[in-house]
Every structure is written in C-alpha cells, then in structure tokens.
Amino acid sequence: MEYFFELLLSGLTRGSIYALIALGYTMVYGIIQLINFAHGEVYMIGAFTALIVASILTMLGWNEIAILFIASVVAVVYSMAYGYTLEKVAYKPLRHAPRLSALISAIGMSLFLQNYVLLAQTSDFMPFPSLIPDLEILEPIAHLITTPEIAIILTTAIVMVLLTFMIKFTRVGKAMRATSQDREMAMLVGVDVNRVISITFIVGSATAALGGVLIASHVGQINFYIGFIAGIKAFVAAVLGGIGSMPGAVLGSLVLGCAEAFFTGFVSSDYEDVFAFIILVVILIFRPAGILGRSDISKV
Amino acid sequence: MEPILQVNALTMDFGGLRALDRLDLEIGQREIVALIGPNGAGKTTFFNCLTGIYPPTEGEMLIRRPDRKTKKLNGLKPNHVTEAGLARTFQNIRLFQNMTVLENVMIGRHCRTSAGIIGAIAKNKATRQEENKIVEDSYAVLEKIGLAEFVNEFAKNLPYGAQRRLEIARAMATEPFLLLLDEPAAGMNPLETRELDELIVRIRDQEGITILLIEHDMKLVMSLSDRIYVVDYGKKIAQGTPQEIKNNPAVIKAYLGEDADA
Amino acid sequence: MLELKNIKTFYGNIQALKDVSIEISEGEIITLIGANGAGKSTTLMSICGIVPPRSGEILFMGKPIQDMAPNNIVSLGICQVPEGRRIFPFLTVAENLDMGAFLRKDKDEIKRDIEYIYELFPILAERRNQAGGTLSGGEQQMLAISRALMAKPRLLLMDEPSLGLAPLIVKQIFEIIKKINTENKTTIFLVEQNANMALKVAHRGYVMETGRVSMSDTAANLLANDEVRKAYLGI
Amino acid sequence: MFGFEEIKKSFLTSLWFMFLTFPIMVIRVNTVQNIVEWRWERMFMIGIGSFFLSFLWRYLLERKELGQKKADLGEVDSIPWNRRIAREPRFYIPALIAICVFVLVFPFTFSLYQTTIMITALIYVITGLGLNIVVGLAGLLDLGYVAFYAVGAYSYALLNYHFGLGFWTVLPIGAGMGLIFGILLGFPVLRLKGDYLAIVTLGFGEIIRLVLENWNDFSFGPSGIANIPRPGLFGIQMSLHQATIYLYFVMIFLVLVTIFVVRRLQDSRIGRAWIALREDEVACQAMGIDKTWTKLSAFAMGATWAGMAGVVFAAKTTFINPASFTLWESIIILCVVVLGGMGSVIGVIFGALTLILLPEYLRAFSEYRLLIFGAVLVVMMVFRPGGIVSPERRIYQFKGTAPDKPKAEASTPG
C-alpha cells in the first residue's frame with residue numbers, strides 16, 4: 001500500500017511538471033492552432049537562466065530562499081522575453097501561411113535555440129544546485145515524498161488556480177477566450193488580437209520556466225537537450241487531455257505522469273515511454289479529441 | 001408515376017436542435033424539383049442527409065435506380081451514395097482549388113473507373129486507355145457545360161459563375177441519375193442566371209437527369225421547376241406547382257414576406 | 001460620415017470587390033442589397049479592417065482608416081454585427097455582452113447599458129449565465145445586436161440580421177433597428193438579402209452585383225424600381 | 001528606408017536582443033571551480049549584428065508584402081522559374097546533360113568521403129519522395145515516418161543475421177515490410193485529423209524505436225546489429241572504395257526508379273484522388289472517392305519507400321541501432337519535403353540535397369551548422385512558406401495526352 005502511495009505521489013510530481021509545460025502548449029494551440037515545437041526550448045532556457053543566476057548568487061554567499069526566489073523570477077522574466085520574441089520572429093509573419101510552414105518554422109526555432117545554448121554554454125550536463133531546502137517538518141513522510149516534490153505539486157496547483165482566475169475573470173482572459181473561439185469576431189469587438197497572442201506566449205513561457213526551475217533543482221542537472229524531451233512528453237499530455245483545453249492539459253499530464261509511474265513501479269522501467277505513447281494512441285483512437293477536448297461538427 | 005427518390009419522415013437532430021422534422025418528399029423521373037424556404041430552414045441539412053454526410057436521426061430514404069433496383073440510402077457512406085447515382089454541388093463552392101478545371105472533372109470520373117496502384121505504375125495498355133478515356137469524357141462534360149475554354153485554368157482562378165458551373169460539371173461526371181444542386185445561382189448576375197436556367201433544362205432534357213435544387217432566386221425557381229417543396233423549421237409547409245406555391249398563403253407568410261405582392 | 005472610394009478587395013485569388021464606392025451620412029439607415037456572393041459581406045469586412053482593401057480609400061469622419069488595425073477601427077465607433085451572428089459559443093450571455101464593451105472603461109455606464117439591454121430583451125436577462133452557443137437563432141441574433149450596442153457605436157454595420165429567423169422575429173429585429181436609429185441616433189449600414197424589409201426601413205439603398213455597385217437611389221425609388229423588384233423582391 | 005524612424009526601430013531591436021541574449025551569451029559559470037566568466041565582447045557583437053539584420057528583416061518582409069499586393073492587382077506575370085526552365089528545351093536539355101555527366105563522374109572525381117555523403121543525401125531523396133506522397137500529395141501530416149525506415153533497416157539486418165539473406169533479396173522484402181507496417185499503423189489512425197494524426201504517428205514512431213531499444217532478444221537493444229554486408233555484385237570481392245562507388249550507383253538507380261514510380265503515381269487516377277483529398281475531403285467523398293482507402297493507400301505507398309530506403313541505409317552503414325531512428329530523423333525528412341516544396345518531385349530532390357549536403361559542407365563552421373540549419377528553416381518559411389520550388393503539376397492537355405487519337409486533337413481548342 002505504501003508503495004502504491006509512493007508511486008502515486010511520484011506520478012503526481014512528474015505529472016505536475018508535464019502540466020506546467022503542457023499549459024503553454026495548450027494555450028498557444030488554443031489561440032493560433034500551432035504546435036509550438038520550440039516551447040520546450042523556452043523551458044530549457046528558463047532552467048539555464050536560473051542556473052546561471054543561482055550559481056552567481058551562491059558564490060556571493062546569499063541565502064538559499066533568496067536565491068531560489070531571485071533565480072525563479074529572473075528565469076521567468078527571461079523565458080517570457082524569449083516566448084514573446086519567438087512569436088514575433090518565427091510565427092507572426094506566418095499567420096496566413098499554410099500550417100505546415102508554421103510548424104517547420106517552429107522546428108527550425110527549436111533547433112536554433114538548442115544549438116544556441118549548446119554553443120554559448122556547453123554540451124555537457126551541468127550540475128544544478130538543489131534550491132529547495134528539505135523542510136524538517138516533513139521529515140516523517142520523507143520516505144513517501146520529498147520537500148521538492150511537494151513544492152512542485154503545490155506550485156502547479158497554485159499556477160493552475162491563478163491561470164484559471166486569469167482566464168475566467170480578467171479582461172485579458174476574456175479576450176483570450178474570445179480570440180480562441182472566433183478570432184475574427186474578437187477583432188470586431190475591438191480585441192487587439194496580436195497583443196492577445198503575444199500575451200498568451202508570454203504567460204505560457206512563464207509557466208514553462210517555473211517548470212524548468214523546479215525540475216532542474218529536483219533532478220540536479222540540466223543540458224541543452226532537456227527541453228526537447230520534456231517538450232514532447234508535455235505535448236503528448238496536452239493532446240491526451242484535449243489540446244486547447246487548460247484543465248485538459250493538467251488532467252492529461254497527471255494521467256500521463258501517474259500511468260508512467262505505476263507502469264515503471266509495477267511492470268518494468270524499460271517500456272515506460274512505450275507505455276506512455278500507447279496510452280496516447282489508444283485514447284486518441286477511441287476519443288479523437290482527447291479526454292476533455294471538444295469535438296466540433298464540421299459545417300458543410 | 002413511380003418516384004425515383006422517396007423520403008419518408010426524415011428527421012435530423014443536432015443536440016437539442018431539430019433541423020429536419022419528419023420531412024416527406026418524392027421525386028419522379030425527369031422532374032425538376034425545387035426545395036425552398038428561409039435560410040436555416042434545414043434545406044442543406046436535407047442534402048447532407050441524402051448524401052451520407054450526416055446520419056439522419058430517423059426516417060427512410062429510398063432511391064429507385066434506372067435499372068429499376070431499389071436501394072436504401074440510410075447508412076451509406078458519401079462515396080457510395082455517389083456511386084449509387086446521386087451527385088451534388090455545394091452551397092459554398094467546394095472545388096479542388098489548386099487543380100485545373102479538367103482535373104476537377106476528372107476526379108468526378110473516379111468512381112466510374114478502376115485503375116489501381118499497379119496499373120498506375122505499370123501504365124499498361126488498359127490503364128492508358130482508361131486515362132485517355134477519362135480525359136476525353138471529362139472534356140466532353142466540360143464542353144456540354146460550356147467550360148471548355150477554361151480547361152487548363154486552375155479552379156481558383158475562375159470567375160465566380162464559372163466556378164458554380166464547374167461544380168455542376170464535376171457532379172455530372174459521376175454519371176448521376178439524380179443531381180442535387182445547392183443554391184446553384186448564388187452570386188450569379190442576371191445574365192449568368194439565365195444561362196444557368198437553360199443549362200439545367202438542357203441537362204434534364206438531353207441527359208435525362210432528374211434534378212433537385214435548393215435556390216433563393218425566386219424567378220429562377222418559378223420558371224424552372226415542375227414542382228416546389230417549401231420547408232420552414234425543418235418541416236414541410238407546402239408543396240405544389242409554382243403557380244400553387246405563389247398563391248399559397250402559408251408560403252407567402254413564412255417566406256416571401258407578408259406583403260411581397262405589395 | 002463614412003465614404004468608400006473605389007475600393008478593390010481580394011479574397012485569396014478572387015477579386016471580391018471591384019471599385020466599390022459608397023457614401024453614408026450621419027443618422028442615416030443605408031442598405032446594401034444583392035445576391036449571395038455579390039460582395040456585400042466583403043464590403044463590411046473591408047470597412048472593419050478584417051480584409052483590408054488592396055487599393056482605394058475608406059474615410060471615416062474624413063479620416064482614412066483603410067490601413068488601420070481592426071481594433072483601432074472599432075475604437076473609432078464602427079461596430080459590426082456579422083453574418084451568422086458569430087456569438088462566442090463558449091462564453092456566457094453576460095460575458096458576450098462584456099466582450100461587446102471590451103474597449104470601454106466606464107464601468108458604471110456599462111452596468112447601466114447592460115440593464116438597458118436586459119430590459120430591451122428580457123429573454124437575454126433570463127439566460128445571462130447560459131453559454132452563447134446554446135441559444136436559439138433568434139436569441140443569438142438579439143445577443144449579437146446587443147453585443148454590438150454595448151460598444152456604443154456611432155456607425156453600426158449589420159450583415160443579414162434576418163438570416164434564418166422566423167418572420168415574426170425578423171419583424172421584431174427590424175423594429176429594433178429602427179429604434180436604435182431614431183433613439184440613439186446611430187447610423188446604420190444594413191446588408192440584407194431580404195430586400196423588401198431592408199428597403200422599407202432604410203433611407204437610401206445600394207444594389208450590388210458581382211463585386212460592383214450597380215445601382216443606388218433612395219429606398220423608396222429602389223422599392224418601386226422594376227428591375228430591383230424582379231431581381232430581389234421575388235416578384 | 002534609412003529614416004530616423006527606421007534607425008530607432010533597429011536600435012531598439014538591437015537593445016532588445018542584447019538584453020535577451022545577455023545571460024546565455026555573456027555569462028558562463030563553472031559550478032565546479034566556482035568561476036564566473038564574463039564575455040562582454042559578445043554583447044556588442046549581438047548588438048551590432050541585430051541592428052543591421054533588423055533592417056534586412058524588415059526590408060524583406062516589406063518586399064514580400066508588396067509582392068503579394070502586386071500579384072493581387074495582377075501586376076506580375078507569375079510563372080515560377082522552374083516551370084519557365086522546364087518549358088524551354090534550350091535550357092533544360094543542356095541542363096539535363098550536365099546533370100547526367102556530373103552524376104556519372106561524381107564518385108570518380110570526388111573523394112570516398114564525398115561519395116558517402118552523396119549516398120546519404122540520395123537516401124533522403126528516396127525517403128523524401130516517399131513522405132511527399134503522404135504529406136505533399138495526400139496532405140496527411142506524418143511525424144513517425146522514420147518508423148518505416150527502421151522497419152526496412154531492421155528487416156535487412158535481422159534477415160541477414162539469421163538467414164544470411166543478401167541485399168538484393170531483402171530490398172523488395174524491406175519495401176514490402178514497409179508497406180505492411182504502413183497499412184497496419186495506418187488503419188487505426190487515419191480517422192484522426194491534422195495535428196492529432198501528427199501526434200499519433202509521432203507516438204507510433206517512438207513506440208517502434210523504443211521497442212527496438214528495449215527488446216534485446218529480438219533487436220539486440222541499443223547496441224544494435226553490426227557487420228551488415230554491403231550490396232553484393234555477383235559475389236565479386238570489392239574494396240571499401242569500390243563497394244562505395246557501387247553503392248552510389250545502386251542508389252542512383254533506386255532514385256531513378258523512385259522518381260519514375262512516384263511520378264507515375266502522381267499522374268494517375270490514384271494520384272489525382274490523393275490531391276483532391278488534400279484539397280477538400282468532403283467534396284472528395286461527394287465525388288465518389290473512398291476516403292479511407294485513398295488515405296490508406298497514400299500512407300502505405302509512402303511507407304514502402306521508407307522500408308526500401310531503410311534496407312539501403314543498413315547496407316551503407318553496415319551497422320544499425322535504434323539511435324538512427326529518432327524523431328529528429330522524421331522531422332528532417334519532413335523538412336526535406338516542406339523546404340523543397342510540397343508536392344514537387346524536383347523540390348524534394350532539391351530539399352534533400354540542400355538539407356543533407358549543406359550541413360556537411362558547413363563543417364568548416366562545424367559547430368555552427370545546426371544553428372545555421374535551424375535559422376535557415378525559419379527564414380525560409382517566413383519568406384517563402386511554399387518551399388524552394390513551387391510544385392510542378394502535369395497539365396492534362398487534351399492534345400498532349402491523346403497523340404494516338406487524331407479525332408480528339410481536332411476538337412481541341414487553342
């Protein structure tokens with residue numbers, strides 16, 4: 001039983017990380033129907049920025065909590081800037097082009113950013129300082145779940161609540177929903193659609209950066225390639241939940257995370273990823289729009 | 001007169017919305033029948049049910065083919081409906097925009113030809129002959145419809161009226177016995193509309209094809225059709241000859257406007 | 001108030017508008033009638049900047065607007081009720097109305113206007129928390145008009161407001177159009193297939209054929225015109 | 001265009017990029033030795049570079065916009081360059097001869113290394129042409145195409161390992177295996193549309209790779225299979241150099257076969273159905289085309305070439321392991337198709353040669369080649385989203401298609 005809980009919690013942790021990245025995918029897809037292939041790279045750049053800031057501050061002998069806070073903030077700010085620029089350079093000129101072209105542009109961006117970090121920094125794995133201190137109060141349950149894991153799950157929950165609030169009640173959130181439902185009509189009521197798209201990229205990048213900082217400090221090392229792998233997984237999670245739907249992204253991520261954890265724990269770790277993809281294929285074959293996706297009647 | 005298309009109590013629900021409500025309709029051979037009614041009355045939905053794009057919630061659709069075999073349309077896939085001899089055009093033009101006019105019509109020949117992958121690669125004599133035949137037949141259709149001058153133009157570069165006629169040509173190429181036209185005159189100027197009128201009559205008289213059309217242009221409908229069905233809210237509210245429809249008070253109220261004759 | 005000078009607009013490869021010129025003065029109801037696909041909706045989309053014209057000029061209060069972004073055009077007071085209503089299907093009725101007031105900052109005024117709308121259309125008040133997509137056609141049309149009114153437009157563009165509505169509701173809609181025009185002094189540019197109704201409420205009318213304006217006159221004259229009667233009034 | 005406004009814009013852009021690249025480009029930390037390296041000179045390079053590039057970027061964007069405007073108003077005569085060349089015998093005949101001569105003498109004039117690269121490029125030509133059927137003609141986005149490539153490669157490696165079958169025997173078997181897998185995988189997924197199809201094919205691609213990686217008893221896992229023989233020629237012993245040259249000509253032959261077959265398919269009844277399917281699914285069905293069968297045939301036909309190319313790949317490298325069949329490989333093949341120009345045979349050949357040879361010859365800047373590669377993809381798509389070569393399409397001419405029918409010729413209009 002305890003083993004079950006251990007796996008469940010590890011699955012939730014893993015799923016939470018996927019969720020932080022998947023949210024960005026799903027938001028962008030909801031608004032411009034583009035698979036933002038370079039999204040994973042934004043997450044990776046967030047992690048690198050945090051690493052650089054944290055290392056400098058550690059050398060200066062700052063306090064752990066302050067480092068965590070500052071590193072996260074800088075990482076988030078930079079990721080937002082990258083997300084914003086990415087959209088302006090690689091996607092905005094392609095708004096009326098065939099969708100495949102935009103996808104290739106995204107792939108090109110992904111490759112570019114990976115190699116940019118590879119060249120400017122290093123191709124090796126870099127050790128990432130563990131920024132989240134172990135709390136003593138949690139000692140009794142440490143065998144089940146560690147403090148960083150709790151931090152990850154909590155952060156995801158908070159981000160989710162904040163995002164829901166933003167989407168549901170703020171002006172910008174309403175503009176986002178309106179744009180994703182009917183872009184032209186949104187323009188007709190005076191929404192600056194270009195701005196809404198930029199904001200979507202910025203918000204999505206910010207959550208990805210948070211994910212980047214958390215996972216990096218949890219795993220303890222990063223390199224230029226982490227974005228690609230995590231990006232694919234998160235994208236699978238987003239599609240699983242029904243791409244375009246934010247609750248769907250979180251649900252899909254948690255399902256994927258838990259499924260992987262249980263499969264690894266009870267069956268074998270060799271086929272963990274195979275299992276993840278099989279879930280994806282099976283769900284999409286029987287529910288082609290994903291778990292929470294809306295299937296639309298095509299008008300003839 | 002035995003009907004070649006018989007629709008009994010056709011009903012179509014979208015979620016809570018009833019788009020078609022127990023609609024009955026019959027068409028005899030070589031008739032030109034018009035289906036009219038306000039926008040959103042369910043006319044296009046009716047076409048979509050007939051051609052297998054939507055599965056109707058209830059009701060029955062039967063055809064009697066020229067070979068006198070009766071066939072039920074319910075549950076057939078769109079391509080099988082076409083093979084059975086029904087062809088249609090679309091309200092908002094759905095041509096293969098990046099193909100030439102001739103190629104568009106050649107696609108219509110698809111279901112009446114058979115060359116497969118092996119034939120395509122080997123390009124044996126049978127395949128070559130079939131290909132030539134497809135080109136010839138398609139060209140013949142274009143000549144009939146009066147589009148021969150555009151034969152190698154891309155469909156997207158055609159003038160609006162010609163695009164509408166190309167849709168008809170493409171449908172004709174599938175060798176239908178019943179042709180369904182969804183607002184064929186939409187967007188045409190009066191001259192083009194007049195030509196269309198002649199074309200439709202010619203298709204019926206020379207090819208012996210029965211025609212069911214949805215149309216808003218009352219002048220065209222009145223001059224063209226043998227019989228008219230009027231639907232509103234998915235229900236049939238009237239049927240009869242143009243003269244009868246013109247004088248039917250229910251029709252005037254629902255569609256032509258209360259004081260259309262003012 | 002609004003002046004279109006020789007605008008040419010393209011949709012993909014098709015030229016939808018060929019040298020269209022239209023003039024609208026303040027306080028008028030102008031109607032544009034014509035067959036399906038004649039370019040009526042494109043004219044509205046060109047004015048709103050969604051499909052900007054390739055050449056020609058659009059002047060609003062004497063100022064060229066053809067190169068402006070759609071949201072800036074809306075902020076000048078030009079609002080559209082597009083064809084097919086285009087309600088945001090997953091937003092509630094109240095949220096749809098909020099979207100209409102997207103560019104307005106005067107919160108109290110907005111509240112008052114919403115109350116006014118709910119008085120005008122009690123059915124919308126009843127359904128304020130329902131998703132827009134679940135309304136019936138007539139209700140959606142009312143919502144679409146209300147949404148546009150929430151922006152307090154000086155010029156209201158309406159694309160086929162009678163489309164797919166029962167005669168009784170059409171009548172109601174046209175009464176509202178008249179009311180908006182007389183009470184709020186809103187200028188209205190009305191695109192209609194139901195030429196009969198449209199010409200009855202309008203002051204002046206334009207007839208469009210395959211991308212060109214083929215006729216323009218006072219509404220009364222057009223109603224009496226034989227050609228128009230034959231082609232568009234179904235007589 | 002060098003007004004004050006423009007300079008201000010570029011200046012702001014360059015400031016923005018200096019800010020953006022600051023942590024990654026300027027700072028490097030060494031966490032082991034606790035050293036921070038500051039590389040300020042890079043910041044200035046970025047600043048100056050982005051200042052000038054932003055001018056170029058805006059200029060090109062404006063030109064593209066202007067071109068569109070002119071095309072709309074009918075002010076340009078838009079015959080693509082490739083079609084103009086193809087129409088003029090005095091251009092294309094010498095060009096064709098030159099290409100033939102080049103192809104023939106290539107392996108003898110260039111080094112072994114160059115020949116090997118060229119073989120790789122030719123493999124991509126084949127896979128690109130195969131994927132072009134699926135993506136370019138039928139419009140189905142397949143991100144797991146490499147799976148079929150792997151199927152072909154492993155077919156050869158395993159059949160050779162267990163049964164000693166040779167290259168020429170396995171070549172058709174590999175193609176057949178690709179076909180079978182195409183049908184097997186295609187059947188469940190073809191109901192899906194657009195991006196969902198893309199992601200499920202991606203999933204299938206990864207499943208196959210991961211199975212190969214983990215199923216040690218079957219595929220020898222990550223260590224792969226070595227000592228796969230090169231293609232034989234009547235049992236003649238060949239040196240490495242000779243074998244490579246031989247393989248080069250085998251590839252040329254296979255490429256020609258592929259082009260031949262793909263063109264025939266494209267111009268056939270089936271090919272037209274594929275294109276129509278891409279253009280409008282609903283209308284396509286209304287014309288009596290069986291959607292499922294047509295999609296499936298495109299999927300399977302594409303997979304066949306991947307299977308065949310896989311066999312060649314195994315024979316060329318003599319060693320395969322799952323690392324050769326990652327998602328990146330699928331993506332590169334997709335890029336070959338889109339960059340070259342979707343739906344165009346010449347485009348795909350162009351795309352394959354550019355994408356595979358460019359990085360190889362960029363080895364001078366070896367570290368930067370993938371960076372440049374990524375940037376080229378973005379720039380290409382932004383300024384020429386349709387690819388390098390616009391698709392050449394057979395124009396069915398009533399005259400041309402029926403030379404043996406004088407009657408038809410007579411009735412042809414001008």
Trainee: When you compare the side chain of Arg264(D) with that of Lys123(B), does any pair of heavy atoms fall below 4.5 Å?
Mentor: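 SC-SC contact between Lys123(B) and Arg264(D) confirmed.
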Trainee: Nearest 0.5 Å, please: how far is CZ in Phe90(B) from CG in Asp280(D)?
Mentor: 7.0 Å
Trainee: Which atom names give the shortest non-hydrogen contact between Ile107(B) and Ala276(D), and what distance separates them?
Mentor: CD1-CB, 3.6 Å
Trainee: With a cut-off of 6.0 Å (strictly less than), are more than 12 heavy atoms of other residues, nucleotides or ligands near OH of Tyr229(B)?
Mentor: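 More than 12 heavy atoms, drawn from other residues, nucleotides or ligands, come within 6.0 Å of this atom.
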Trainee: So do the side chains of Asn79(B) and Met287(D) get within less than 4.5 Å of each other, counting heavy atoms only?
Mentor: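 Side chain of Asn79(B) against side chain of Met287(D), heavy atoms only: no contact under 4.5 Å found.
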Trainee: Taking the side chain as everything from C-beta on, heavy atoms only, tell me whether Lys77(B) gets closer than 4.5 Å to Thr292(D).
Mentor: yes
Trainee: Search all heavy atoms of Ala120(B) against all heavy atoms of Leu265(D) and return the closest pair with its distance.
Mentor: CB-CD2, 4.0 Å
Trainee: Is it the side chain or the backbone of Leu86(B) that comes within 4.5 Å of chain D heavy atoms, both, or neither?
Mentor: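 Contact with chain D: none, neither part.
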Trainee: Looking only at heavy atoms, which two atoms of Ile121(B) and Phe260(D) are closest? And how far apart?
Mentor: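 Answer, listing the atom of Ile121(B) first, then Phe260(D): O-CE2, 4.2 Å.
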Trainee: Is the shortest distance from a Lys or Arg side-chain nitrogen in Glu281(D) or Arg94(B) to a carboxylate oxygen in the other one below 4.0 Å?
Mentor: no
Trainee: Using non-hydrogen atoms and a 4.5 Å limit, figure out which bit of Ala122(B) sits close to chain D: side chain, backbone, both or neither.
Mentor: backbone
Trainee: Count the heavy-atom pairs under 4.5 Å between each of Gly108(B), Gly52(B), Pro176(B), Ala115(B) and chain D, then report the option with the highest count.
Mentor: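 Heavy-atom pair counts peak at Ala115(B).
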Trainee: Show the nearest heavy-atom pair for residues Ile117(B) and Ser297(D), with the distance to one decimal.
Mentor: CD1-CB, 4.0 Å
Trainee: Heavy-atom cut-off 4.5 Å, strictly under: side chain, backbone, both or neither for Glu167(B) against chain D?
Mentor: neither
Trainee: Under a 4.5 Å heavy-atom cut-off, does chain D meet the side chain of Thr127(B), its backbone, both or neither?
Mentor: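 Nothing of Thr127(B), per the 4.5 Å heavy-atom cut-off to chain D.
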Trainee: To the nearest 0.5 Å, what is the distance between CD1 (Ile118(B)) and OG (Ser268(D))?
Mentor: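 The OG atom of Ser268(D) is 11.5 Å from CD1 of Ile118(B), to the nearest 0.5 Å.
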Trainee: Does Phe187(D) CZ have over 12 foreign heavy atoms under 6.0 Å away?
Mentor: no
Trainee: So, do Cys111(B) and Ile289(D) sit near enough that their side-chain heavy atoms are less than 4.5 Å apart?
Mentor: no
Trainee: Measure from the side-chain N and O atoms of Arg269(D) to the backbone N and O of Thr113(B), and report whether any donor-acceptor pair falls under 3.5 Å.
Mentor: yes
Trainee: Tell me whether Glu279(D) contacts the main-chain N or O of Met99(B) through its side chain, where contact means a donor paired with an acceptor under 3.5 Å.
Mentor: no
